[in-house]
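Remember, it's a predicted structure, so these values are computed and weren't measured experimentally. Hydrogens, waters and symmetry mates are skipped; everything else that's a heavy atom, side chains included, is used. Note that the numbering runs from 1 along the sequence shown for the chain.
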Amino acid sequence: MGYIFVVSKSGVFSAGEQQIMPLLANAVRDIVIKHNNGRWGDYRAMLLNNVLADALTNSHDENLERRLSFAQISFPKTMRLMAIHQLYYKDDAFFKTKLLPEITKIFGQYQATVNEDNLIVLIETAEDGEIPEAQMEAFRTCVSGRKFIVGISNSFSKSSEIYDHYDQAIRTLHFGKQLTTKENIFFFRDYVYYALLDQVSDSNLFSYAGHPALDILLHYDREKNASPYKTLRIYTRTGFNKIKTAELMFLHRNTVIYRIQQIEDLCGIDPFPYGFAVSAANVIFN
């Protein structure tokens, strides 16, 4: 992708001269397509991938929309970014020859690039921003048992928001690496509170942020050799997911529900309104 420049010595372009630029642009396009074996669809996909790669390294690319308009290409109407990281290093060829063909079968059209050892994939979603369950199930099967961690951003619709949602996917990857869970696909929406806490520069503030109920639970655990605090700790780490908590603690889901009720009874509060959840995360993660 580039620009064609025409310079006039007189400072004024005639009608004929103004027609030169689109003719030259079309000629250059034809040359590029010819060298790409005449596959215009592949050429357009290449342009989109190049724009995506540039957008990941520049949060304020003022020419992004202009480049898309000039090339007559566009990103999906509603989309998400996935960042896929391998715990054991493999070169970029692995992504291109092994993983991307599998992703193509699942999500169809996509744009992808490798950035800082992570495979970044932009996929189209349903109009409500959700990834269809059939696709998610196929993707879970694809990454199951592999040494991958996947961070998925919130949905968005403006190409100017690519960098921000790339940041979401990368942050989610970092949180995923810290979690002791069998899951390897993580959504930013489940860890947005931790992302907010991660922006706090003064770590000393966390020592004052603990909810009084946490001391009650910790004391009860030590005195009764019980597990409310441990349950809360794992429940918080899983993004307040009862099913995942039950799996990690090798408990029945009803047992987890019972322990959450037990926390309510011990502390005399609803344990998971917004304020308490953030307070618990402050202490448990810091």
Side-chain angles (χ1 to χ4, degrees), residues 80 82 84-85 87 106 126 128-152 154 171-198 206 209-286:
R80 288 178 186 258
M82 299 194 307
I84 304 175
H85 179 77
L87 296 179
I106 297 170
D128 61 0
E130 296 299 322
I131 302 174
E133 185 55 37
Q135 290 183 343
M136 275 307 303
E137 189 60 35
F139 185 58
R140 291 189 189 99
T141 301
C142 174
V143 301
S144 178
R146 290 177 164 179
K147 300 299 182 180
F148 291 142
I149 297 180
V150 183
I152 302 180
N154 290 344
R171 286 178 181 275
T172 309
L173 272 184
H174 294 327
F175 292 130
K177 292 177 183 178
Q178 300 177 46
L179 300 177
T180 53
T181 174
K182 296 179 181 178
E183 294 288 333
N184 56 355
I185 301 177
F186 305 94
F187 286 84
F188 179 77
R189 64 189 177 203
D190 296 328
Y191 300 95
V192 63
Y193 298 136
Y194 309 142
L196 292 173
L197 295 174
D198 196 43
F206 292 118
H211 195 284
L214 297 176
D215 289 332
I216 296 174
L217 296 177
L218 189 58
H219 178 74
Y220 184 87
D221 270 20
R222 291 170 177 172
E223 186 179 75
K224 303 293 185 180
N225 193 27
S227 301
Y229 186 85
K230 180 181 178 181
T231 301
L232 174 61
R233 183 182 181 87
I234 295 178
Y235 190 46
T236 303
R237 284 186 176 275
T238 60
F240 307 104
N241 187 306
K242 296 182 180 68
I243 295 176
K244 291 180 181 178
T245 301
E247 290 176 353
L248 291 175
M249 298 188 73
F250 301 100
L251 298 172
H252 192 278
R253 182 171 179 270
N254 289 340
T255 303
V256 172
I257 294 174
Y258 168 77
R259 290 187 179 180
I260 293 173
Q261 181 61 50
Q262 187 181 32
I263 293 172
E264 286 191 37
D265 296 338
L266 287 170
C267 303
I269 60 170
D270 176 2
F272 304 109
Y274 173 82
F276 182 85
V278 173
S279 179
N282 285 344
V283 176
I284 289 172
F285 276 86
N286 296 282

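- Between T231 and M249 the shortest heavy-atom distance is OG1-CE, 3.7 Å.
- I263 contributes atom CD1, which lies 11.5 Å from atom OH of Y258 (distance to the nearest 0.5 angstrom).
- The line from CE of M82 to CG of L173 is 11.0 Å long, rounded to the nearest 0.5 Å.
- Considering OG1 of T141 and CD1 of I106, their distance stands at 8.0 Å, rounded to 0.5 Å.
- Closest heavy-atom contact between D221 and K230: OD2-N, 3.3 Å.
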Quick one: do E137 and R140 satisfy salt bridge (charged side-chain N to carboxylate O under 4.0 Å, His left out)? Show the steps, please.
-> CA-CA 5 Å; E137 189 60 35; R140 291 189 189 99; 3.4 Å; yes
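- When all heavy atoms are compared, the tightest approach of T172 to F187 is CG2-C, 3.8 Å.
- Pairing each heavy atom of I84 with each of F139, the nearest pair is CD1-CZ, 4.2 Å.
- Separating the CG atom in L251 from the CD1 atom in I234 is a distance of 8.5 Å, to the nearest 0.5 Å.
- Of all heavy-atom pairs between P132 and A126, the closest is CD-N, 4.5 Å.
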Audit row: R253, E247, salt bridge (charged side-chain N to carboxylate O under 4.0 Å, His left out) steps and yes/no = CA-CA 8 Å; R253 182 171 179 270; E247 290 176 353; over 6 Å; no
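- Summarising the geometry, atom CZ belonging to R233 is positioned 12.5 Å from atom CG belonging to L248; distances are rounded to the nearest 0.5 Å.
- Taking the six-membered ring for Trp and thresholds of 30 and 60 degrees, Y191 and F186 have ring planes more than 60 degrees apart, a perpendicular arrangement.
- Of all non-hydrogen atoms in Y220 and P228, the two that sit nearest each other are CD2-CG, 3.8 Å.
- Heavy atoms of other residues, nucleotides or ligands lying less than 6.0 angstrom from CG of N254 number more than 12.
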Side chain to side chain contact (heavy atoms under 4.5 Å, CB included) evaluation trace for M136 with I185 = CA-CA 10 Å; M136 275 307 303; I185 301 177; 4.2 Å; yes
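- D190 contributes atom CG, which lies 10.0 Å from atom CD1 of I152 (distance to the nearest 0.5 angstrom).
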